[in-house]
Amino acid sequence: MTQTRQRVEAWLGEFESALRDRDVERAAGLFDVDSFWRDLVAFSWNITTVEGRDGVTDLLKARLDDVDPAGFALTEEPAEADGVTEAWISFETGVGRGIGHLRLRGDRAWTLLTTLRELKGFEERRPQGVEHQLSKGRRTWKELREAEQRELGYERQPYVVVIGGGQAGIALGARLRQLGVPALVLDRHERPGDQWRKRYKSLCLHDPVWYDHLPYLPFPTNWPVFAPKDKIGDWLEMYTRVMEVPYWASTEVRSARFDAAEHRWSVTVEHDGEPVELRPTHLVFATGMSGKPNYPSLPGQDVFRGEQHHSSQHPGPEAYEGKRVVVVGSNNSAFDICGALWEHDADVTMVQRSSTHIVKSASLMEIGLGSLYSERAVANGITTDRADMIFASLPYRIMHEFQIPLYQRMAERDADFYARLEKAGFAHDWGDDGSGLFMKYLRRGSGYYIDVGAADLVADGRIKLAHGQVDHLTEDAVVLADGTTLPADLVVYATGYGSMNGWVADIVDRETADRVGKVWGLGSDTTKDPGPWEGEQRNMWKPTRQENLWFHGGNLHQSRHYSLYLALQLKARYEGLPTPVYHLQEVHHTG
C-alpha cells in the first residue's frame, strides 16, 4: 500500500470514527483551518458550501444525527501532486448512497465534496417494457403511453409541474421519469426544441459537444463539436420522445397560486387553446437562467419609424440586407447578431455600453476546457460525469484562483488579437480579478463573448463601434448620451436578461417573487454580483423561501448535472422521506 493511499484511508477512517461517535469537534479538527466542504443534497438536503472548521461544526451539529453517515471508502487509487492529495470516495447515509471527492493538504482536508447519487429503496431501474404474465385486458406499452397522455393533468394530477420545456425542463423531466415521479413539463412553443429553432439563424452552441450531453443519452460520436441551433432543436424533440418525458407543448401558463393549507399549487394554463387547472405539489421554474428579457424603455421608441426588438426575438439577418442596423450591447448575442448581419451586407454598428470579456473559441476549448471536456479528456478516461464532479469539487470561493492562470495563458496566446481589438477602441476586460469567462458566467451570467469570428470584424472596422448609453431615439436614428447620432432602420436591444424571479412575479405575484429574492449569482462583491457572499448559485436547484417552489436552468452542463440533485430532492418528498433543509437560502434582491 502506498503512503498516499495510507494517508487517505487514515483520514477517512478517522473521519468515519468521529462521525460514528458523534464527536463533532474531532471531525471538524480533521479539516484545515482554511477548508471547504461542498455538499450536494447528501448531508444538507440542500446545495451548500461550509467554510473552515466552524462551518463543518455547524453543519454536523445540525445534521449528523439525521444523516447517520457511514461506509467512507476509496473508489480508486488516490493521486498526489504539488503537495495536494486527491481521492475519489463513496459513502452511505441513512437514506441514500453517495460519492465524493477529497483533497488533503498534509493530513488535513482542504476540500471535500459529498453528493447524493441515489435513494435507498428508490434506485433508478431500467423499465421492464412488457408484463410477462398473460391477463385479460393487458395493455401494451403504446396503450399505456396513450392512456398517460390522455389522463395526466386531467384525471390524474402530476406531483411536479415544470414551467419551461427547453433543455433544463426536459432534462429534469427525464430524471423524474426514471425515478417514477409523476411530472408534466409545460412550454408555450408548438414543439420541443422550438426554443432553439426560433432564435436567429446563425446561432450555434459555443460550448463543445463533450460539455453538452443530456442525462442518459449522450450525443452520438458523429455529432459536431459545435451544434447548430436547429440540430439542437431536433435533438431535444427526439430526446423528449425517446425518454418519454410527459410534455405539453402549445401551453401558456396564465397564473399560479400556492395553497398553504393544502401545500399544493393551483396552476392555470391554456393548453391547445383550452383552459386547464393543474394541481401539483411542486412547481419548478425552468424558464432559462437568464430570466426575462431586459427590454429598455427609452424616449422616442414610440416615434422611431424603423423596426426594433430584443435580441431574443431577432428573426435573423435575411430581411436586413442594405439596412442600417444598430445593435445595443456587446456580449454573446450582440456579436452573433452583428456578425450574421454583416454577412448579409447590412450596415452594422455595435453600441458598447460597458467593457466586455472576449476569449477566442479555440483558446477556450484548448486551455479552458480541454482537460475536462474534450476528445483529449475522453482519451484520458475522463467521462462527462467525472468531469462534472471534478468541476463541482472546486468550491466557488477559490475557483477563481484556478481560473486566473488559464486566462493569463489565453492572453499570451492571443496577444496580437487583443492588441488589434483594443486599438479599434473596444473596451475589453478579464473580469474584476482576471478570472475570465467562467467566473463572469457564474457571478452574473453576462459580460462576455466566446469569439467565433465576429470580434475580428470589430477589430477590422467592418462592424462599426460606438460607445455610451442610449439617450433617446428619433424617427430614424439612435442618439447616445454624448450626442452621437447613429442612423438606423433596425434597432436590436442585446441588453440581456433579468433575474428568473421576474417570471414568478408575472405568474404568481410580486410578494412571492420578493420572498424568494434574486436568482443566480454568488455574492462575490464583483460587478453585478454584490454581496453578501452566498457561495452557491442563489436559489438554483435547491429549496427556496417559498414552500414547494424551485428553479432549474443554466447551460447544458448545468441542466444535466444539477437535474439529478433537484430530481432526488423531489423524489424524496414524493416518497414522504424527511428532508430537513440546512441553511435555507437568504433573501437577496439587488444585482
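All heavy atoms count here, side chains included; hydrogens, waters and symmetry mates do not. Here the structure is a predicted model, which means the values were calculated and not measured.
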Apply side-chain hydrogen bond (donor to acceptor under 3.5 Å, both in side chains) to [X] and list each qualifying residue two or more places apart in sequence or on a separate chain.
X	value
W550	H282
W45	none
D385	R117
R63	D66

Which residues pass the salt bridge (charged side-chain N to carboxylate O under 4.0 Å, His left out) test with [X], sequence neighbours left out?
X	answer
D107	none
E86	R103
D388	R560
R573	none

Say whether, by atom type as modelled, one donor and one acceptor occur between the side chain of [X] and the main chain of [Y] under 3.5 angstrom.
X	Y	answer
R108	V33	no
W11	L30	yes
D212	L556	no
D433	S435	yes
D525	G531	yes
Y449	V452	yes
R105	G83	no
Q546	A513	no

Worksheet item: For F15, is the NZ or CZ atom of R20 found under 6.0 angstrom from the centre of its six-membered ring and inside 45 degrees of the ring axis?
Response: no
Worksheet item: Does NZ or CZ of K360 come closer than 6.0 Å to the centre of the six-membered ring of F417, within 45° of the ring's axis?
Response: yes
Worksheet item: With sequence neighbours left out, what residues match Y239 under ring pair (Phe, Tyr, Trp, His ring centres under 6.0 Å)?
Response: none
Item to complete: Locate the shortest heavy-atom distance separating A27 from L19; write the atom from each residue and the value.
Response: CB-CD2, 4.1 Å
Discussion item. Going by the rule side-chain contact (heavy atoms from CB on, under 4.5 Å), which residues pair with F402 if we only count those two or more places apart in sequence or in a different chain?
Written reply: W110, L394, I398
Fill in: Contact list for residues 412-431, test side-chain hydrogen bond (donor to acceptor under 3.5 Å, both in side chains), sequence neighbours left out
S355-D429, S363-R413, S363-D414, E366-R413, R420-D456, R420-D460, D429-K440
Item to complete: Please determine which of R545, K518, R538, R515 meets the salt bridge (charged side-chain N to carboxylate O under 4.0 Å, His left out) test together with E586.
Response: R545
Worksheet entry | Pairs touching residues 392-401 that satisfy salt bridge (Lys or Arg N to Asp or Glu O under 4.0 Å), sequence neighbours left out | E51-R397
